Amino acid sequence: MAKIALITGATAGIGEATAELFAREGYDLVLTGRRKDRLDHVAHRLNKKYNVDIATSSFDVRDRQEVVDTLNGLPERWKKVNVLVNNAGLSQGLDPIDKGDYDDWDRMIDTNVKGLLYVSKIVANWMIDHGHGHIINLGSIAGKEVYANGNVYCASKHAVDALSKAMRIDLLPHGIKVTAVHPGAVETEFSIVRFKGDEKRAKKVYEGFDALSAEDIAETIWFAVSRPAHVNINELIVMPTAQANAGTIFRK
Ligand code: NDP
Ligand code: 8X3
């Protein structure tokens, strides 16, 4: 029977690229995200191209009851998840702490921290029941360093870093691997979301250097997942060659 990967935030960017790579490797997939039309489109495309089974599950990771009900409502066959990729996440705004928007802060903390926790608890229990599992958490260079005006996004990704370390300890007796992947700048819809649809401002983030692609991070995730059973990659920080740290990018 094919292995199963559950990927949150599979409607775009890193999540969609990771779904494609796992499909290419013969995994069956549970794909999640809020935009049902895009989810269905990705599932249809990958099913046609790779002939793998794909279940879609549309929910907002911030809505605890919806997460619990939707995931628990999946047919038993889909609960034998081998790999969970906690990818759904976002940044909202880039303002100093004294000017930040309360709603932006709530959206980031509720999605990046609480949403990841809601999904992880349920899937970790499935993994414990089935005696195997690997959880990949998408952190960020923003979870290793802070940068000007990154305040709450950086805090939310530092929380992902801490939770990854904590999960690794708590799930150790169950043989569940936990890997945190911390990318630098990846050109996806991330900055369009951060700047609330301002595509011109988003484009500027990636001007003058070669940013990482979503596929680069999918390959990194696959590297961690494809190690032998006795090897766990605790964490990987992956940067564009032109980026030294969170705040230093060499632009031509
Ligand atoms: P995208 O904006 O391209 O994709 C984000 C994905 O998250 C979408 O599929 C979106 O789906 C999903 N998502 C967002 N909010 C929710 C929610 N409340 N409930 C369910 N799904 C949600 O960004 P990336 O692919 O770049 O980001 C993926 C992850 O990588 C994030 O955790 C991000 O913080 C992290 N990251 C990104 C970097 C970058 O430079 N791009 C660098 C470091 C880390 P939908 O809108 O359909 O719900
Ligand atoms: C996304 C990368 O540098 O915009 O996590 O925070 S950064």
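Values in this document were obtained by computation on a predicted structure and should not be read as measured data. First listed ligand is number 1; within each ligand, the first listed atom is number 1.
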S.K.: Where on A10 is there a heavy atom closer than 4.0 Å to ligand 1, on the side chain, on the backbone, on both, or on neither?
M.R.: backbone
S.K.: Considering the heavy atoms of Y153, write down every atom of ligand 2 situated less than 4.0 Å from one of them.
M.R.: 1 (C), 5 (O), 6 (O)
S.K.: Ligand 1 and Y153, any nitrogen or oxygen pair closer than 3.5 angstrom?
M.R.: yes
S.K.: Taking non-hydrogen atoms only, is A185 closer than 4.0 angstrom to ligand 1 via side chain, backbone, both or neither?
M.R.: backbone
S.K.: Check this for me: does any side-chain nitrogen of one of D129 and K79 sit under 4.0 Å from a carboxylate oxygen of the other?
M.R.: no
S.K.: Which residue and non-hydrogen atom of the protein lie closest to atom 23 (O) of ligand 1, and at what distance in Å?
M.R.: T188 OG1, 3.6 Å
S.K.: Which atoms of ligand 2 sit under 4.0 Å from any heavy atom of R194?
M.R.: 4 (O)
S.K.: Which protein heavy atom lies closest to atom 44 (C) of ligand 1, and at what distance to 0.1 Å?
M.R.: G139 O, 3.1 Å
S.K.: Does the cation-pi check pass for R24 over F22, that is, NZ or CZ under 6.0 Å from the six-membered ring centre and within 45° of its axis?
M.R.: no
S.K.: Taking the non-hydrogen atoms of R38, is any one of them nearer than 4.0 angstrom to ligand 1?
M.R.: no
S.K.: Of I7, I14, V193, which has the heavy atom at the shortest distance from atom 25 (O) of ligand 1?
M.R.: I14
S.K.: Give the residue and atom name of whichever protein heavy atom lies nearest to atom 19 (N) of ligand 1, and the separation in Å to one decimal.
M.R.: V61 N, 3.0 Å
S.K.: Can you report which non-hydrogen protein atom sits closest to atom 11 (O) of ligand 1, along with the distance?
M.R.: T11 OG1, 2.9 Å
S.K.: Considering non-hydrogen atoms of the protein only, which is the closest contact for atom 18 (N) of ligand 1, and what is the distance?
M.R.: D60 OD1, 2.8 Å
S.K.: Examine the proximity of ligand 1 to N87 and report which part, side chain or backbone, both or neither, has a heavy atom under 4.0 Å away.
M.R.: both
S.K.: Which atoms of ligand 2 sit under 4.0 Å from any heavy atom of A142?
M.R.: 6 (O)
S.K.: Do me a favour and list the nearest non-hydrogen protein atom to atom 4 (O) of ligand 1 with residue, atom name and distance?
M.R.: A12 CB, 4.0 Å
S.K.: How far is atom 21 (N) of ligand 1 from its nearest protein heavy atom, and which residue and atom name does that atom have?
M.R.: A88 CB, 3.6 Å
S.K.: Please confirm whether S140 comes within less than 3.5 Å of ligand 1 when only nitrogen or oxygen atoms on both sides are compared.
M.R.: no
S.K.: For atom 5 (C) of ligand 1, what is the closest protein heavy atom, and at what distance to 0.1 Å?
M.R.: G89 O, 3.7 Å
S.K.: Quick one: list whatever passes ring-ring contact (aromatic ring centres under 6.0 Å, His included) with Y50, sequence neighbours left out.
M.R.: none
S.K.: Is it the side chain, the backbone, both or neither of K157 that has a heavy atom closer than 4.0 Å to ligand 1?
M.R.: side chain
